[in-house]
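From a predicted model like this one, the values you see are computed outputs, not experimental measurements. Chain letters run A, B, ... following the sequence lines, proteins first, then strands; residues in each count from 1.
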2 protein chains.
Amino acid sequence: MRLSTRAQYAVRAMVDLSLHSEGRPVSLKDIALREDIPLNYLEQLFNRLRRGAIVESVRGPGGGYLLARESSAIRVGEIVATVEEPLTPVSCMDKGKGRCTRTAACTTHNVWEMLGERIRTFLDSITLEDLVIEARGRGGEE
Amino acid sequence: MRLSTRAQYAVRAMVDLSLHSEGRPVSLKDIALREDIPLNYLEQLFNRLRRGAIVESVRGPGGGYLLARESSAIRVGEIVATVEEPLTPVSCMDKGKGRCTRTAACTTHNVWEMLGERIRTFLDSITLEDLVIEARGRGGEE
DNA sequence: CTATAGTTGACAGATTTTGTAAGGTATGAT
DNA sequence: ATCATACCTTACAAAATCTGTCAACTATAG
């Protein structure tokens, strides 16, 4: 029951981006340096975030990434789901394999389904803005 | 954010065990057959469950496994945590690596910590008995 | 004393995650 | 124009984890 570092990186990077952008694009190089995340890896993540309409890109010198919306309209669950694909605890819920006819399987599925719902609900209850405010409050070291 | 099949197997096997034991030990061979789980793999899982004081073993012919407690006193979260080791979404919370001084990292850690708490709380709110009752209600096919 | 069934450790195959490499494309500045 | 910046994309390799297998052992009922 581990969250991939992909997801952790993505959320951290989004917080960092919010903290350091003042209407102007922030380059991945800067984020990578500050957050100690491999640049090429970050690029992949931000590709997904862009396709997920969470960030927008500006190419060329002085370019970088911008939030596609206000930070109060971006939920953590969205970020995680976008880079992590399935936010469901078990796989058989994605396709409909029908194998749920076996003995105890169907009963336990309900549990995993509810668990997934709890996880999504919780992560969706937190916005990027919440994290930025908390990070700012944490003080000005660095 | 996937639950290992280890954990899924373990919970299913525990439900199966509860359903088919009437005070008498149930052999892993039977569970493996009914639930379509590799026997050798099940053995490993039940080793952990035994060390976790969730089941008791009876060796020799006619032997098998018994619940170590009433099913109402066994929580799903316990089963999962026992076979899956860490039920924390990120790794840096296990040892205390101190790297939490970096920029946005500490802020996001709070989120993962709270998430882990939610997951554990939810899974601990469901007992094995709950699942057994639900499975019985599901009908007598098989 | 034999068959059953739990106990244990080592290990291999498969999958997933994480990270690297290498090239491409758009664009602002000189 | 051309150059440097920085996004964009694909392919691939290294590492970790998960899943499953094998083999040998121990306890015990009949």
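Counting to the nearest Å, the P atom of C:dT18 and the CG atom of A:Leu39 are 18 Å from each other. The separation between B:Glu56 atom CD and C:dA5 atom P is 19 Å, rounded to whole Å. Counting to the nearest Å, the C1' atom of C:dT17 and the CD atom of A:Glu84 are 10 Å from each other. Nucleotide D:dC7 holds its P atom 11 Å from the CG atom of A:Leu17, rounded to whole Å. Between the CG atom of B:Leu66 and the P atom of C:dG6 there is a distance of 11 Å, given to the nearest Å. Protein atom CG of A:Leu42 is 10 Å distant from nucleotide atom P of D:dC7, rounded to whole Å. Between B:Met1 atom CE and C:dT16 atom P the separation is 17 Å, expressed in whole Å. Protein atom CZ of A:Arg48 is 13 Å distant from nucleotide atom P of D:dT9, rounded to whole Å.
Considering only side-chain atoms of A:Arg51, the nucleotide from D:dT9, D:dC7, C:dT8 that sits closest is D:dT9. Checking C:dG19, D:dA6, C:dT7 against the side-chain heavy atoms of A:Thr5 singles out C:dG19 as nearest. Minimum atom distance to the side chain of A:Arg6 is reached by C:dT17, of the listed C:dT17, C:dT7, D:dT19.
With hydrogens and angles left out, the side-chain atoms of B:Thr121 and B:Asp124 include no donor and acceptor closer than 3.5 Å. Counted by atom type alone, B:Ser4 and B:Glu84 present one or more donor-acceptor pairs between their side chains at under 3.5 Å.
Contact annotation: A:Tyr41 does not reach the phosphate of D:dT9 (side-chain N/O to OP1 or OP2, under 4.0 Å). Side-chain N/O atoms of B:Tyr9 include one lying less than 4.0 angstrom from OP1 or OP2 on D:dG20. Distances shown here put a side-chain N or O of A:Ser57 below 4.0 Å from the OP1 or OP2 atom of D:dC8. Taking 4.0 angstrom as the limit, A:Arg50 places a side-chain polar atom (N or O) nearer than this to OP1 or OP2 of D:dT9.
B:Gln44 contributes a side-chain N or O that forms a donor-acceptor pair with the base of D:dT21 under 3.5 Å.
Contact check for A:His20 versus A:Val15: no side-chain heavy atoms found under the 4.5 Å cut-off. For the pair B:Ile31 and B:Leu28, the minimum side-chain heavy-atom distance is below 4.5 Å. Here the side chains of A:Leu17 and A:Phe46 are in contact, with some heavy-atom distance below 4.5 Å. With contacts defined as side-chain heavy-atom distances shorter than 4.5 Å, the pair B:Tyr9/B:Arg12 qualifies.
Residue contacts shown for B:Phe46 are absent, as no nucleic acid heavy atom lies under 4.0 Å away.
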Hey, can you pull the donor-acceptor pairs under 3.5 Å for the side chains in residues 63-82 of chain B, sequence neighbours left out?
from, atom 1, to, atom 2, distance (Å)
B:Arg69, NH1, B:Ala73, O, 2.9
B:Arg69, NH1, B:Glu78, OE1, 3.4
B:Arg69, NH1, B:Glu78, OE2, 3.2
B:Arg69, NH2, B:Ala53, O, 3.0
B:Arg69, NH2, B:Glu78, OE2, 2.8
B:Glu70, OE1, B:Ser72, OG, 3.3
B:Glu78, OE1, B:Arg75, N, 3.2
B:Thr82, OG1, B:Glu78, O, 2.6

List every contact pair, protein side and nucleotides 23-27 of chain D side both N or O, where the distance is under 3.5 Å.
from, atom 1, to, atom 2, distance (Å)
D:dT26, O2, B:Arg59, NH2, 2.5
D:dA27, O4', B:Arg59, NE, 3.3
D:dA27, O4', B:Arg59, NH2, 3.4

